[in-house]
Each structure stands twice: as C-alpha cells, then as structure tokens.
Amino acid sequence: MERDFAVTTKNERETIDLGIKIASSLKSGDVISLYGDLGSGKTRLVKGICEGLGINNVVNSPTFIIVNEYSSEKFGNVYHFDLYRLKSEDEILAMGFEDYMNNRGIVLIEWPRHAERLLPADSIKIHISHSVENENERWIKIEGIEK
Ligand SMILES: Nc1ncnc2c1ncn2[C@@H]1O[C@H](COP(=O)(O)OP(=O)(O)O)[C@@H](O)[C@H]1O
Ligand SMILES: [Mg+2]
C-alpha cells in the first residue's frame, strides 16, 4: 500500500482541511514532524489536525513555551512542539522530550531538525514548500500515512 502522497493547497483553508483529513488517519501514539520554512503553513496544518481531533482551543505556534498541550476525546493528550528555539539535541533531551515519544497521545513537532535522532522509526513526516509563482500555494508531501 502506498504510504506517501502529496497535495497542493491553494489557500490557508485547504491546508486546514488537509489537516482535518490527516487527523482521521491517525492512531494512538503517532508522532508527526513538520518541515518547512517560516510561514510555510506548519501551524495552519497543525490547527487543522487539532480541529479534526475535536480540539477547539486556539492553536498557535508555541514558540515561546516550546510545547502546547491539548486534550482530545479519541487520543487523550495532544502535544504540539515548536523546537525552533532549541539549539541542540541536548537542550531537547533536557526538556524531557523522550517521555513524549513513548506516549499514547499524539505528538506534532514543528522545527524537528535537532530532534531527528529522537523520533520513532515509524514517525510521520510532512514537508511543506512554498510555490514560487503563487503566494498562497503550498506543496505538501506526507510520508507515513495512506491517502
Ligand atoms: N495554502 C496555504 N496554506 C497554509 N497557509 C497559507 C497558505 N496560503 C497562505 N498561507 C498563509 O501563510 C501563513 C502560514 O503561517 P503558519 O502556519 O504560522 O506557518 P509556519 O508555522 O510554517 O511558520 C499564514 O499567514 C497563512 O495565512
Ligand atoms: Mg509555526
């Protein structure tokens, strides 16, 4: 079965809708890392995933607090990390990151670059790129879940 797929979205709403769709494929304990430049749409996609999980609180980038914690009926805890400010694997280990990896909830990670070796082998990876021609177009590649 094909485990990778790519989608082009034309506006923020389509990215959020893709997140809702991704949420319906998730299972307990899934770890999802999100790659892409600043402003590419990682947080919008997380917002959609959270919406799909029935979370109604506002979803913002947790840049200043590193992790936001939400609660979903289906999976229990949902953790949304933004590791942008952490500069090494040691800093990430020091904040107890590994405990989140062995958890039955859902983990969403923006800026996972220094956490790469700590991610489970079966983690889901989502890459978002900007279009050059169209300001609001994004190319989103999803590895590790079926379309
Ligand atoms: N197709 C699209 N998908 C997602 N965001 C889009 C899209 N087109 C324009 N945008 C805008 O791009 C920005 C994405 O912001 P955000 O999700 O916070 O990015 P990141 O978390 O990757 O830094 C928002 O201002 C959003 O309105
Ligand atoms: Mg963000």
Side-chain angles (χ1 to χ4, degrees), residues 2-26 29-72 74-101 103 105-120 122-147:
E2 190 54 69
R3 300 276 291 166
D4 297 356
F5 67 101
V7 174
T8 300
T9 65
K10 299 216 174 300
N11 52 55
E12 172 178 329
R13 188 65 236 175
E14 286 187 13
T15 296
I16 292 172
D17 287 343
L18 175 65
I20 293 173
K21 189 182 153 186
I22 290 168
S24 69
S25 305
L26 295 180
D30 273 347
V31 175
I32 301 147
S33 46
L34 298 115
Y35 303 84
D37 297 340
L38 197 67
S40 61
K42 301 179 295 296
T43 302
R44 292 305 189 282
L45 193 61
V46 166
K47 188 178 165 64
I49 292 171
C50 287
E51 214 175 293
L53 295 174
I55 295 159
N56 300 311
N57 334 27
V58 184
V59 176
N60 295 313
S61 246
T63 304
F64 296 98
I65 55 164
I66 303 168
V67 61
N68 277 339
E69 190 176 326
Y70 301 106
S71 180
S72 85
K74 190 169 176 192
F75 298 112
N77 293 334
V78 175
Y79 301 100
H80 173 203
F81 283 89
D82 188 321
L83 301 179
Y84 187 75
R85 270 153 208 279
L86 299 188
K87 297 194 165 36
S88 67
E89 189 180 276
D90 282 347
E91 282 189 22
I92 292 169
L93 287 169
M95 54 106 28
F97 185 80
E98 280 177 307
D99 294 339
Y100 294 91
M101 295 300 102
N103 180 284
I106 300 288
V107 181
L108 299 151
I109 310 162
E110 295 188 50
W111 300 104
R113 56 197 166 162
H114 298 307
E116 222 43 65
R117 297 193 308 169
L118 309 173
L119 300 175
D122 64 350
S123 70
I124 295 163
K125 296 183 188 282
I126 301 182
H127 295 263
I128 308 182
S129 356
H130 273 88
S131 153
V132 248
E133 308 92 62
N134 184 335
E135 195 193 336
N136 295 322
E137 199 169 287
R138 303 288 189 273
W139 190 70
I140 304 176
K141 185 165 183 276
I142 297 124
E143 300 171 2
I145 46 178
E146 273 137 41
K147 188 169 186 175

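Note that ligands are numbered from 1 as they come in the structure, with each ligand's atoms numbered from 1 the same way. Basis for what follows: all heavy atoms, side chains included, without hydrogens, waters or symmetry-related copies. Throughout, numbering of the chain's residues begins at 1 and tracks the sequence.
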Can you name the N, O or S atom of E110 that is closest to the Mg ion (ligand 2)?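 Relative to the Mg ion (ligand 2), the closest nitrogen, oxygen or sulfur of E110 carries the name OE1.
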So, E110 versus H80: side-chain donor-acceptor pair below 3.5 Å or not? yes
Distance-only side-chain donor-acceptor flag, S123 / S33, under 3.5 Å: no
To the nearest 0.5 Å, what is the distance between CD1 (I106) and CD1 (I124)?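 Here the interatomic distance stands at 7.5 Å.
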Of H130, R44, R138, E137, which has the heavy atom at the shortest distance from atom 10 (N) of ligand 1? R138
Selected option - heavy-atom contact closest to atom 1 (N) of ligand 1, from I128, I140, N136: N136
Counting from 1, what ligand 1 atoms have a heavy atom of [X] closer than 4.0 Å?
X	answer
D37	22 (O)
T15	1 (N), 2 (C), 3 (N), 4 (C)
E110	21 (O)
L38	23 (O)

Return a yes/no value for K10: is any of its N or O atoms, backbone included, closer than 3.5 angstrom to an N or O of ligand 1?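 Looking only at distances, the answer is no, because the N/O contact criterion of under 3.5 Å is not met.
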T43 versus ligand 1: do any nitrogen or oxygen atoms come within less than 3.5 Å of each other?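 Among all N and O atoms of T43, at least one is under 3.5 Å from an N or O of ligand 1.
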Between Y100 and F81, is the ring centroid distance below 6.0 Å? yes
Carboxylate-amine/guanidinium contact [X] [Y], below 4.0 Å:
X	Y	answer
R13	E51	yes
E14	R44	no
E143	R3	no

Quick check on the Mg ion (ligand 2): does T43 put an N/O/S atom closer than 2.8 Å to it?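 A backbone or side-chain N, O or S atom of T43 is under 2.8 Å from the Mg ion (ligand 2).
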Backbone of W111 reached by a side-chain donor or acceptor of K42 within 3.5 Å: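 A pair under 3.5 Å: no.
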Answer with yes or no whether G36 contacts ligand 1, where contact means a heavy atom under 4.0 Å from a ligand atom.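 Flag not set, G36 not near ligand 1.
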Side chain, backbone, both or neither: which part of L34 has a heavy atom under 4.0 Å from ligand 1? neither
